[in-house]
Amino acid sequence: MSLKVCSLASGSKGNCIFVGSRRTSLLIDAGVPSGRIAASLEAIGESMPRNVLLTHSHSDHYKYVPSLCAAGATLYYPRAVGRYIDAIEGSESFSGDVCIGDITVSPIPVSHDVPCYGYSLYSEGSKVTVITDLGFMPERTLEAISDSDAVLIESNYDGKMLACNPRYPAYLKARISGSRGHLSNADSSECVAYLAGKGVRHIVLAHLSEQNNTPSAATESAENALIRYNLAGAARVTAALQHEVSEVTEV
């Protein structure tokens with residue numbers, strides 16, 4: 001085992017992902033309070049990392065980053081994201097690959113309504129990719145992450161549930177389903193099948209909408225895609241939840 005990944009919280013009410021190597025640990029985003037993060041880490045036998053890697057400025061990813069930094073954490077963020085967040089003393093911006101301890105981080109720009117990035121993380125020959133908050137998945141990006149040992153990928157909404165949701169106005173439905181919004185179950189499932197066909201064995205569906213999706217709808221869509229492409233059982237597919245810590249995936 002060179003890398004482990006665990007979703008501490010995933011969804012529109014707050015996101016936080018733990019990634020650890022033999023000598024380094026970090027959080028990707030901090031959209032939930034530090035007390036909850038600490039309790040979730042304790043539940044999986046980990047302590048609070050000293051490094052935070054930010055994907056973008058939306059509050060469900062960024063809200064509690066400043067308080068973690070005030071407590072001593074170092075924030076790392078792509079330069080394009082820095083224009084949309086408050087200046088934090090001691091933070092480090094980057095435009096290409098960055099090394100955080102023994103973890104090499106490669107940013108992946110994605111299509112969202114603010115500058116936003118996914119990440120591939122490498123250590124001792126293992127590769128984990130975390131990629132959410134994207135309106136569509138470019139073929140070149142999918143190919144670039146297809147050699148990952150584990151992928152955490154967005155599966156935000158079920159198309160029918162979103163279309164029929166009476167609480168969402170038309171403009172919001174258009175934003176979510178547009179090219180700068182979020183990835184649907186249907187689109188995510190095609191990605192899952194492609195990744196499984198390339199040898200990715202651990203796939204976590206993330207950033208599920210509590211209003212327009214369910215864990216069973218997301219996972220069933222992915223599993224059905226694997227069946228369609230004669231890949232049933234080729235990858236273990238699970239869903240990260242808003243209020244529960246996921247299992248720890250070690251690669």
Could you check whether any side-chain heavy atom of [X] comes within less than 4.5 Å of a side-chain heavy atom of [Y], counting everything from C-beta outward?
X    : Y    : answer
E223 : V237 : yes
L27  : I17  : no
Y64  : S34  : no
Y84  : P115 : yes
V130 : V151 : no
S123 : R22  : no
V52  : L26  : no
T74  : R50  : no

Does a side-chain N-to-carboxylate-O contact under 4.0 Å join [X] and [Y]?
X    : Y    : result
R228 : E190 : yes
E92  : R79  : no
D149 : R201 : no
D113 : R175 : yes

Q: Please state whether the rings of Y119 and Y117 are parallel, tilted or perpendicular, taking 30° and 60° as the class boundaries.
A: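 Y119 vs Y117 ring planes: parallel.
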
Q.
Does E210 have more than 12 heavy atoms from other residues, nucleotides or ligands lying within 6.0 Å of its CD?
A. yes

(Q) Is it the case that atom NZ in K173 sees more than 12 heavy atoms from other parts of the structure closer than 6.0 Å? (A)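 Buried by this count: over 12 neighbours within 6.0 Å.
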
Using every non-hydrogen atom in the two residues, find where [X] and [Y] come nearest and quote the distance to one decimal.
X    : Y    : value
L226 : A193 : CD2-CA, 3.9 Å
S25  : N51  : O-ND2, 3.1 Å
P66  : I88  : CA-CD1, 4.1 Å
H61  : V65  : O-CG2, 4.0 Å

Under 3.5 Å donor-acceptor, [X] side chain and [Y] backbone:
X    : Y    : result
S126 : V251 : yes
S188 : S184 : no
E154 : A206 : no
Q242 : G14  : yes
N15  : D60  : yes
N213 : S209 : no
T141 : M137 : no
D187 : L183 : no
S106 : D97  : no

May I ask you to check whether [X] and [Y] show a side-chain donor-acceptor distance below 3.5 Å?
X    : Y    : result
N185 : S155 : yes
E143 : Y194 : yes
S246 : S7   : no
T55  : D29  : yes
D102 : T24  : yes
S221 : S189 : yes

Q: Using the side chain to side chain donor-acceptor pair (under 3.5 Å) rule, take S120 and T129 through it: C-alpha gap first, then chi angles, then the decisive distance, then the call.
A: CA-CA 4 Å; S120 285; T129 295; 2.7 Å; yes

Rounded distance (nearest 0.5 Å) linking atom [atom1] of [X] with atom [atom2] of [Y]:
X    : Y    : atom1 : atom2 : result
E220 : I227 : CD    : CD1   : 10.0 Å
E244 : E247 : CD    : CD    : 12.0 Å
T132 : N156 : OG1   : CG    : 9.0 Å
C6   : L152 : SG    : CG    : 10.0 Å
R140 : I108 : CZ    : CD1   : 11.5 Å
E42  : S47  : CD    : OG    : 10.5 Å

Q: Please answer: with hydrophobic residues joined when any side-chain heavy atoms are less than 4.5 Å apart, are I131 and V128 in the same cluster?
A: no

Q: For K4, check salt bridge (charged side-chain N to carboxylate O under 4.0 Å, His left out) against everything at least two apart and list the hits.
A: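 Result, salt bridge (charged side-chain N to carboxylate O under 4.0 Å, His left out) vs K4: E46.
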
Q) Given L121, which of T104, V19, V5, I100 fulfils the side chain to side chain contact (heavy atoms under 4.5 Å, CB included) condition? A) V19

Q.
Give me each pair satisfying ring-ring contact (aromatic ring centres under 6.0 Å, His included) with a member in residues 143-192, each pair once, sequence neighbours excluded.
A.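 Sorted pair list: H112-H182, H182-H207.
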
Q: Apply the test side-chain contact (heavy atoms from CB on, under 4.5 Å) to residues I103 and V105: give CA-CA distance (whole Å), side-chain angles for both, the deciding distance (0.1 Å), then the verdict.
A: CA-CA 6 Å; I103 299 176; V105 178; 4.2 Å; yes

Q: Before giving the answer on side-chain contact (heavy atoms from CB on, under 4.5 Å), spell out for C16 and I28 the whole-Å C-alpha distance, their side-chain angles and the decisive distance to 0.1 Å.
A: CA-CA 6 Å; C16 187; I28 300 178; over 6 Å; no

Q: Would you sort out whether D133 and V110 count as a side-chain contact (heavy atoms from CB on, under 4.5 Å), showing the intermediate values?
A: CA-CA 8 Å; D133 295 74; V110 297; 5.5 Å; no

Q: Starting from the C-alpha separation in whole Å, work towards a yes-or-no answer on side-chain contact (heavy atoms from CB on, under 4.5 Å) for C191 and I153.
A: CA-CA 9 Å; C191 297; I153 185 172; 3.6 Å; yes

